[in-house]
Amino acid sequence: MTDTVRVRFAPSPTGYLHVGGARTALFNWLFARKHKGVFILRIEDTDVQRSSEAMVQGILEGMHWLGLDHDEGPFFQSSFVDRHRAAARRLVEEGKAYYDFTPKEATDDRTVKEKIIDRARAGREKNPYRSLPLEESLARVEAGEAAAIRLKVPEEGTSRFDDMVYGPQERDYSDIEDLVLIRSDGHPLYNLSVVVDDITMGITHVIRGQDHLTNTHKQVLLYEAMGVPVPRFAHLPLIIAPGREKLSKRKHGEVVSVTTYRDRGFVPDAFVNFLALLGWSAGSDQEILSREELIEKFDLSGVNKASAVFNFNESNQSDWTDPKALWVNGEYIKSMPLDELVPMVSGQLKRAGLWREEYSAGQSEWFARAVDLLRARYRTLDDFGGYGRPYFSDEFEYDPAAVKKNLKDERLRELLPGLSDRLSSLDRFTHEEVEAALRGYSEEQGVKAGLLINAARTALTGQLVGPGLFDIVLILGRERTVTRLRRAADLVSARE
RNA sequence: GCCGCUAUGGUGUAAGUGGUUAACACGCCGCCCUCUCAAGGCGGAGAGUACGGGUUCGAGUCCCGUUAGCGGUACCA
């Protein structure tokens, strides 16, 4: 008996890949990799109306970006419906399920909740078809009468299973209705399909969101009815929105979509790292964990039971998503191997329209140095094309606050061009020479070096903050430095 | 309505089988560095563990109740 771990991620393509789904996929993937098992991707597209090819592509893209490679699949649940129907029919033949000839009620998606409550209040009566003799049912079906197939849930007793995260679970059979396996139009329903597919795919561990916890009892019933061993279940705490409210695709939209993180400058490994920390901890103080470390340390026993708040803030421009996600990303940007970061920054500059072919040819060394200089204070790849713009383009804005603070001294109107001249006539354009020239010049002019330094930073980059001035100068080079210094003299504000 | 799950600073998490002043990270605030900070270094505030009972010499940890949030309760997935 081999006990190879086989797990699956089974999204339904009714929406894009959101953080909750991504986290479920990640935990399955980590579990599979950790145990040298198999990770299967199965698209649950049985809800034809709501599923779409575009969403399938979106999910595939998202997983690819996250680096969650699957070993088998993608399989499409819709291609297995015959098997689902056959399984249900077998259960009927064995007396474990029955045909229900009650006419289908028209349900409006919007009123289901109320309907559930109404029906519960009214009290449930026993389904009269539950005990209909098999031959009679078969004959009626043969005659073309429409019927749904329902599982016979025991009337007395308790269902139990041991969840690897939530522990022992119990539910009275009396609380479980005879669930519909096959609709009267022949369409197999979720609980049946998952179980049949999980059986045929040999799934050993079902790792999924906690929203499936209570319904797991129904699935256990199905495994038992089919006479096959029940897999292990591990339910993951849900990810919720700030204020502990539920995450809704409709209300929260893009902030919860994985592609948003790709498009707004996240490093895949960093996002994976952040996601792993949502509802799980390695049990140590270490929070920055590489993919390899995550695989090594991952264990379902470290999964938390309480739902985790994904602390995004859509109204804040700079801190638009969870601050910790941004921090983790910044950590990756500043410490990842430079040769891995450079291509990512290239991609971002291309998207921002700031890319020049020389950066990957004659100026590749310069480009790498520039990225290395800037990375220390950036949190996303987008910052390279945003805050980093003055380093890659001559067209950039001067931050009014920076101009006001650093270019307000009227003496700068003369000093900036003066400094520009000094630097243009330097023999060697090195850090030491430039610094000596600037300090010498400020001494001659009787002003503090700081005045010139801060003014120069703003003159050169338009910004209030940034790397050390001499690093900026060296990266920009003599030509750009000289012209920008001179040009900025015009910005020196005339005090009123 | 009924059933279930959960509850540690603003957020994410620690605190083996109950045992000293509840720890770490993010964020926030301050100081330092000094040429700036959105970088780096240092420090600080912030929870007495949802609330109320109980068990115990001792409870964040066990039990009961309440509350809140979430999930389920569909011929949705």
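Chain naming here is simple, since letters A, B, ... match the order of the sequence lines and numbering starts at 1 in each.
- Residues A:D269 and A:R291 are paired through a salt bridge, judged by an N-O separation under 4.0 Å between the basic side chain and the carboxylate.
- Closest contact between the side chain of A:L189 and the listed nucleotides B:A25, B:A77, B:C70 involves B:A77.
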Quick test: give all pairs of protein nitrogen or oxygen and nucleotides 2-7 of chain B nitrogen or oxygen below 3.5 Å, distance rounded to 0.1 Å.
{"unit_1": "B:C5", "atom_1": "O2'", "unit_2": "A:Q210", "atom_2": "NE2", "d": "3.1"}

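- If you check B:A77, B:G71, B:A25 against the side chain of A:D211, the one that comes closest is B:G71.
- Judged as a side chain to side chain contact (heavy atoms under 4.5 Å, CB included), and not counting sequence neighbours, the contacts of A:L438 are A:L419, A:A449, A:L452, A:I453, A:L469, A:F470.
- A:F312 has its CZ atom 12 Å from the P atom of B:G12, to the nearest Å.
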Donor-acceptor contacts, no H, no angles, side chain residues 301-308 of chain A, under 3.5 Å, sequence neighbours left out:
{"unit_1": "A:S301", "atom_1": "OG", "unit_2": "A:D299", "atom_2": "OD1", "d": "2.8"}

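- Ring centers of A:Y129 and A:Y98: at least 6.0 Å apart, outside the cut-off.
- The distance from atom CD of A:E287 to atom C1' of B:A23 is 12 Å, rounded to the nearest whole Å.
- A syn base is found at B:G48: its glycosidic angle is within 90° of 0.
- A straight line from OH of A:Y332 to C1' of B:A25 spans 14 Å, rounded to a whole angstrom.
- With B:C70, B:U13, B:A77 as the candidates, the nucleotide lying closest to the side chain of A:A308 is B:U13.
- A:R244 has no side-chain polar atom (N or O) that falls below the 4.0 Å cut-off from OP1 or OP2 of B:C70.
- Protein atom CG of A:N273 is 14 Å distant from nucleotide atom C1' of B:U13, rounded to whole Å.
- One can place CG of A:D322 at 15 Å from C1' of B:C28, the figure rounded to the nearest angstrom.
- Here A:R140 pairs with A:E145 under the salt bridge (charged side-chain N to carboxylate O under 4.0 Å, His left out) rule; sequence neighbours left out.
- The side chain of A:T46 contributes an N or O atom lying less than 4.0 Å from OP1 or OP2 of B:A77.
- Of the listed residues (A:V56, A:I59, A:L41), just one forms a side-chain contact (heavy atoms from CB on, under 4.5 Å) with A:P74, and that residue is A:L41.
- Taking only side-chain atoms of A:W327, from C-beta outward, the nucleotide of B:A77, B:C75, B:C26 with the closest atom is B:C26.
- Per the geometry, CG belonging to A:N311 stands 12 Å off P belonging to B:G10, to the nearest Å.
- Residues meeting the side-chain hydrogen bond (donor to acceptor under 3.5 Å, both in side chains) test with A:Q210, sequence neighbours left out: none.
- The nucleotide whose nearest atom lies closest to any side-chain atom of A:E177 is, among B:C75, B:A74, B:U11, B:A74.
- Atom C1' of nucleotide B:C75 and atom NZ of A:K218 are separated by 12 Å, given to the nearest angstrom.
- Evaluation of the salt bridge (charged side-chain N to carboxylate O under 4.0 Å, His left out) rule for A:R377 yields no partner, not counting sequence neighbours.
- Residue A:L238 places its side chain closer to B:C70 than to any other of B:C70, B:C75, B:A77.
- The base of B:A74 has none of its N or O atoms less than 3.5 Å from a complementary donor or acceptor on the side chain of A:K115.
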Dot-bracket for RNA chain B, 5' to 3', counting Watson-Crick or G-U wobble pairs under 3.5 Å, with [ ] for crossing pairs and | for inter-strand pairs? (((((((..((((.....[...)))).(((((.......))))).....(((((..]....))))))))))))....
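- For B:C75 and B:G12, the P atoms lie 36 Å apart once the distance is rounded to whole Å.
- Between A:L278 and A:V180, the one whose closest nucleotide on RNA chain B sits nearer the 5' end is A:L278.
- For the salt bridge (charged side-chain N to carboxylate O under 4.0 Å, His left out) test, residues two or more places apart in sequence or in another chain that qualify with A:E177 are A:R119.
- Scanning for salt bridge (charged side-chain N to carboxylate O under 4.0 Å, His left out) contacts around A:D172 gives an empty result, with sequence neighbours left out.
- Ring pair A:F298/A:F27: centre-to-centre distance below 6.0 Å.
- Comparing B:G48 with B:A22, their C1' atoms are spaced 7 Å from each other, to the whole Å.
- For residues 441-459 of chain A, the salt bridge (charged side-chain N to carboxylate O under 4.0 Å, His left out) pairs, not counting sequence neighbours, are A:R422-A:E444.
- The salt bridge (charged side-chain N to carboxylate O under 4.0 Å, His left out) analysis of residues 234-246 of chain A, with sequence neighbours excluded, yields the pairs A:E245-A:K251.
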Nucleotide by nucleotide, nucleotides 29-48 of chain B touches protein heavy atoms under 4.0 Å in the pattern (B base, S sugar-phosphate only, - none) ------BBBBSS--------
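- As rounded to the nearest Å, B:A15 and B:U49 have C1' atoms that lie 11 Å from one another.
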